[in-house]
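We number each residue from 1, following the sequence as shown.
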Amino acid sequence: TEGLVQAISSSHKKNGLYIQILEGDYHLKSSISIPSNTIIEGVSANKCLLTFTIQGHFIDDPMQTVSAVTFSESKNSVIKNLTLNYQFNDHKPKAGLSYTSLWRNDIFSNNPNGDTSRYVGLVAFKNSENCLLDNCNIINAGTDPIIVARSKNISIVGCYVSGSFN
């Protein structure tokens, strides 16, 4: 896991990098910043799980929101074939209840159990361009599973998004 974070961090010093993530479960305690000209590709979205255990409080400005994976001023970068999961202790978003109205507090609620530190997006594109999120599972976001702010030519293709705490 630390090797993965170091490899991505080292790509900031180079003019691009290709990182292949092998099958496995990776537990990350910090965010990942995706630099320009970087491709991060798992061997399979169903076999490469990145679980983040970071915290963030509500911020109304999407440019300041905490995200597990951030493309910040990134150009021509790709994340492909990964499952990105947010985990906060042993809590999980409520599921299995029927949707009988547009909003149900028993399914969706801000600050579940009084907790205000789950405002973590999973993927954010901030001031980025020509980037791709391809064939990824975005699971159990703290808030805002995918954020696109002040960016252009962002493609999100074949992704599955499910669950959010807030």
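A donor-acceptor pair is defined here as one N or O able to donate and one able to accept, closer than 3.5 Å; such a pair exists between the side chain of S74 and the backbone of P35. Put simply, the side chain of S151 gets close to the backbone of N127: a donor and an acceptor are under 3.5 Å apart.
Under a hydrophobic-cluster definition in which Ile, Leu, Val, Met, Phe, Trp and Tyr are linked whenever side-chain heavy atoms come within less than 4.5 Å, directly or via other members, F125 and I39 are assigned to different clusters. Note: the hydrophobic cluster containing L22 also contains I32 (ILVMFWY, side chain heavy atoms under 4.5 Å, direct or indirect links). Under a hydrophobic-cluster definition in which Ile, Leu, Val, Met, Phe, Trp and Tyr are linked whenever side-chain heavy atoms come within less than 4.5 Å, directly or via other members, L50 and L132 are assigned to different clusters. I146 and V78 end up in different hydrophobic clusters when Ile, Leu, Val, Met, Phe, Trp and Tyr side chains are linked at under 4.5 Å.
Nearest heavy-atom pair, T70 versus K126, reported as atom, atom and distance to 0.1 Å: CG2-CD, 4.1 Å. Nearest heavy-atom pair across I21 and C48 is O-SG, 3.3 Å. The minimum heavy-atom distance linking D144 with A141 is given by the pair C-CB, 4.4 Å. Closest non-hydrogen pair, T51 versus Q87, comes out as CG2-OE1, 3.4 Å. A pairwise comparison of heavy atoms in N140 and Y86 identifies O-CB, 2.9 Å as the closest pair. Scanning both residues, S31 and I54, for their nearest heavy atoms gives OG-CD1, 3.3 Å.
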Let's go through I154 and F71 carefully: what are the C-alpha distance in whole Å and the side-chain angles of both, what is the deciding distance for side-chain contact (heavy atoms from CB on, under 4.5 Å) to 0.1 Å, and is it a yes or a no?
CA-CA 10 Å; I154 303 301; F71 293 75; over 6 Å; no
If you apply the rule side-chain contact (heavy atoms from CB on, under 4.5 Å), what do you find for Q20 with V43, and how did you get there?
CA-CA 7 Å; Q20 183 178 42; V43 294; 3.5 Å; yes
Output, in order, the C-alpha distance, side-chain angles, deciding distance and verdict of side-chain contact (heavy atoms from CB on, under 4.5 Å) for I139 and Y160.
CA-CA 8 Å; I139 310 295; Y160 172 78; 3.8 Å; yes
Worked check of side-chain contact (heavy atoms from CB on, under 4.5 Å) between E41 and N81
CA-CA 6 Å; E41 182 175 9; N81 299 334; 3.4 Å; yes
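Looking at heavy atoms from C-beta onward, K75 lies out of side-chain contact with N130 at the 4.5 angstrom threshold.
Distance OG/S155 to CG/D134: 9.0 Å, rounded to 0.5 Å. Here N46 contributes atom CG and N137 contributes atom CG; the two are 5.5 Å apart, rounded to the nearest 0.5 Å. Atoms OG1 and CG, from T83 and L122 in turn, are 11.0 Å apart once rounded to the nearest 0.5 Å. Distance check: N153 CG to S128 OG gives 11.5 Å after rounding to the nearest 0.5 Å. To the nearest 0.5 Å, atoms CD1 (I19) and CD1 (I34) are separated by 7.5 Å. Note that CD1 of I40 and OH of Y18 are 10.5 Å apart. Values are rounded to the nearest 0.5 Å.
Put simply, the residue from C159, C136, C131 that forms a side-chain contact (heavy atoms from CB on, under 4.5 Å) with I79 is C136.
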